[in-house]
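Below, chain A is the first sequence line, B the second, and so on; all start at residue 1.
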Amino acid sequence: MEKLKAQLEELLTRLENATELRAKVKELVSIYPFSEYEYIISHLLASKKLSLDEYYQLRNDYLDRNLYLYLFEISAPRGFGELWAHGHLKELVPSLQRPSKQTDPNYSGEYDFFLSPNIRIEVKASRAVEFRSSAPLYLKALASDSQKQFDMNFQQIKPACCEVFVWLAVWRDVIKHWVIPSYEVENNRNYSKGQHRGNIGEGQLHLNKDNIHEFDKYLVQAKDIEAAIRAAFKREKRLRKHG
DNA sequence: ATAGATCGGCCGATGGACAA
DNA sequence: TTGTCCATCGGCCGATCTAT
């Protein structure tokens, strides 16, 4: 949005009456779907200072930069974490099974997916939003090249309940996937094992601008997630045995 | 700045009521 | 019995606040 604003401001300078229009925009009252953007673009088009091709370019660039902005409009944690994140992963890896009492008699919701023959998987998702801002999510959503600070808190992490973690992070323009053996989450230097009463075995891990690159080695392209899960499972087995 | 506690939100498991 | 609907509510979800 900021970039679009800057682009439009740049385009405005093509107008002879730019100052006048800026003043009008300032006073402008809009109701959805009308907006200051549509207002400025209309003026540019009408005065032939913006060609249709340029308009398409502007529009497509914005779409590319904000492909996943709609995900920031989901307000309920479970709507995002359970409905979207699980659904998204299931699309990428159709062989993931939803566990139930049928597939695992002891199952009681402690992990999210099962991959044959015996891999338990926990999915965690978070969105990149500007740290310490109280604006709505979709307004403080960050682009992946943003220099602003963020705090993605992966919580209720229970390393004993799964062999492999799949973490998803959403920016306005990209979705990143990490695949990590449970052991390596539990022993990561950023993992804090909250051990207050009733919370034993549960921890959290804050990802931010400064430590996120420590996890780059776990980053996986969407098409490689299943293979990565299987590899992580093997590694998990070895680590639990030999440390 | 960081660890971890708290919060509102609501999914989905569960079970009772009822029909066929 | 089997299937469907509906209301209840425990617990899981991640965002954000608090204490250190």
A.B. asks: Round to a whole Å and report the spacing from CG of A:N208 to C1' of B:dA1.
C.D. replies: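 Between C1' of B:dA1 and CG of A:N208: 9 Å.
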A.B. asks: Counting the atoms with a prime plus P, OP1 and OP2 as sugar-phosphate, which does A:N211 contact under 4.0 Å by heavy atoms, base, sugar-phosphate, or nothing?
C.D. replies: nothing
A.B. asks: Give every pair of a protein N or O atom and an N or O atom of nucleotides 16-20 of chain C that lie under 3.5 Å apart, one pair per line with the distance.
C.D. replies:
| from | atom 1 | to | atom 2 | distance (Å) |
| --- | --- | --- | --- | --- |
| C:dT16 | OP1 | A:K140 | NZ | 3.0 |
| C:dT16 | OP2 | A:K140 | NZ | 3.2 |
| C:dT16 | O4 | A:N153 | ND2 | 2.8 |

A.B. asks: Out of the candidates A:R120, A:R238, A:K237, A:K158, only one should pair with A:E163 under the salt bridge (Lys or Arg N to Asp or Glu O under 4.0 Å) rule; please name it.
C.D. replies: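 By the salt bridge (Lys or Arg N to Asp or Glu O under 4.0 Å) criterion, A:E163 pairs with just one of A:R120, A:R238, A:K237, A:K158: A:R120.
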A.B. asks: A:H86 has an atom NE2; how far is it from atom C1' of C:dG14, in whole Å?
C.D. replies: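 Atom-to-atom, A:H86 to C:dG14, this comes out as 11 Å.
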A.B. asks: Let me know the distance between CZ of A:F154 and C1' of B:dG4, rounded to the nearest Å.
C.D. replies: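 It is 16 Å, rounded to the nearest whole Å.
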A.B. asks: Whether the side chain of A:Y191 engages the backbone of A:G203 through a donor-acceptor N/O pair (distance < 3.5 Å, no angle test) should be reported.
C.D. replies: yes
A.B. asks: Take atom CG of A:N190 and atom C1' of B:dG4, then tell me their distance rounded to the nearest Å.
C.D. replies: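 Nearest whole value for this atom pair: 14 Å.
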A.B. asks: Classify the angle between the aromatic ring planes of A:W167 and A:W178 as parallel (below 30°), tilted (30 to 60°) or perpendicular (above 60°).
C.D. replies: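 The arrangement is perpendicular - the two ring planes meet at more than 60°.
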A.B. asks: What does A:Q149 touch in the nucleic acid at a heavy-atom separation under 4.0 angstrom: a base, only the sugar-phosphate, or nothing?
C.D. replies: nothing
A.B. asks: For residues 227-236 of chain A, dump all side-chain donor-acceptor pairs below 3.5 Å to protein atoms at least two apart in sequence or in another chain.
C.D. replies:
| from | atom 1 | to | atom 2 | distance (Å) |
| --- | --- | --- | --- | --- |
| A:R230 | NH1 | A:S116 | O | 2.9 |
| A:R230 | NH2 | A:S116 | O | 3.4 |
| A:R230 | NH2 | A:E226 | OE2 | 3.1 |
| A:R235 | NE | A:E184 | OE2 | 2.3 |
| A:R235 | NH2 | A:E184 | OE2 | 2.8 |
| A:E236 | OE1 | A:S182 | N | 3.1 |
| A:E236 | OE1 | A:Y183 | N | 2.7 |
| A:E236 | OE2 | A:R240 | NE | 2.6 |
| A:E236 | OE2 | A:R240 | NH2 | 3.4 |

A.B. asks: CG/A:L168 to CH2/A:W84 distance, rounded to the nearest 0.5 angstrom?
C.D. replies: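 Answer rounded to 0.5 Å: 5.5 Å.
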A.B. asks: Would A:R127 count as a cation-pi partner of A:F80, with NZ or CZ less than 6.0 Å from the six-membered ring centre and within 45° of the ring normal?
C.D. replies: yes
A.B. asks: Round to a whole Å and report the spacing from CH2 of A:W84 to C1' of C:dC12.
C.D. replies: 18 Å
A.B. asks: For residues 38-54 of chain A, pull every pair meeting salt bridge (Lys or Arg N to Asp or Glu O under 4.0 Å), keeping only residues two or more places apart or in separate chains.
C.D. replies: A:R14-A:E54, A:E16-A:K49
A.B. asks: B:dG4, OP1 or OP2 - any side-chain N/O from A:S192 closer than 4.0 Å?
C.D. replies: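 Yes, A:S192 has a side-chain N/O under 4.0 Å of OP1/OP2 on B:dG4.
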A.B. asks: Find which nucleotide of DNA chain B each of A:P77 and A:E82 is nearest to by heavy atoms, and output the residue with the more 5' nucleotide.
C.D. replies: A:P77
A.B. asks: Touch check for A:A125, heavy atoms < 4.0 angstrom, all strands: base, sugar-phosphate only, or nothing?
C.D. replies: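 If one applies the 4.0 Å heavy-atom cut-off, A:A125 turns out to touch the sugar-phosphate alone, with no base involved.
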A.B. asks: Atom CG of A:L207 to atom P of B:dG4: distance rounded to whole Å?
C.D. replies: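 Atom CG in A:L207 sits about 16 Å away from atom P in B:dG4.
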A.B. asks: Would you kindly check whether a donor in the side chain of A:R78 faces an acceptor in the base of C:dC13, or vice versa, at under 3.5 angstrom?
C.D. replies: no
A.B. asks: For the pair made of CD in A:Q156 and C1' in B:dA3, what is the distance, rounded to whole Å?
C.D. replies: 14 Å
A.B. asks: In this structure, how many angstroms lie between the C1' atom of C:dG14 and the CG atom of A:L83, rounded?
C.D. replies: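 Nearest whole value for this atom pair: 13 Å.
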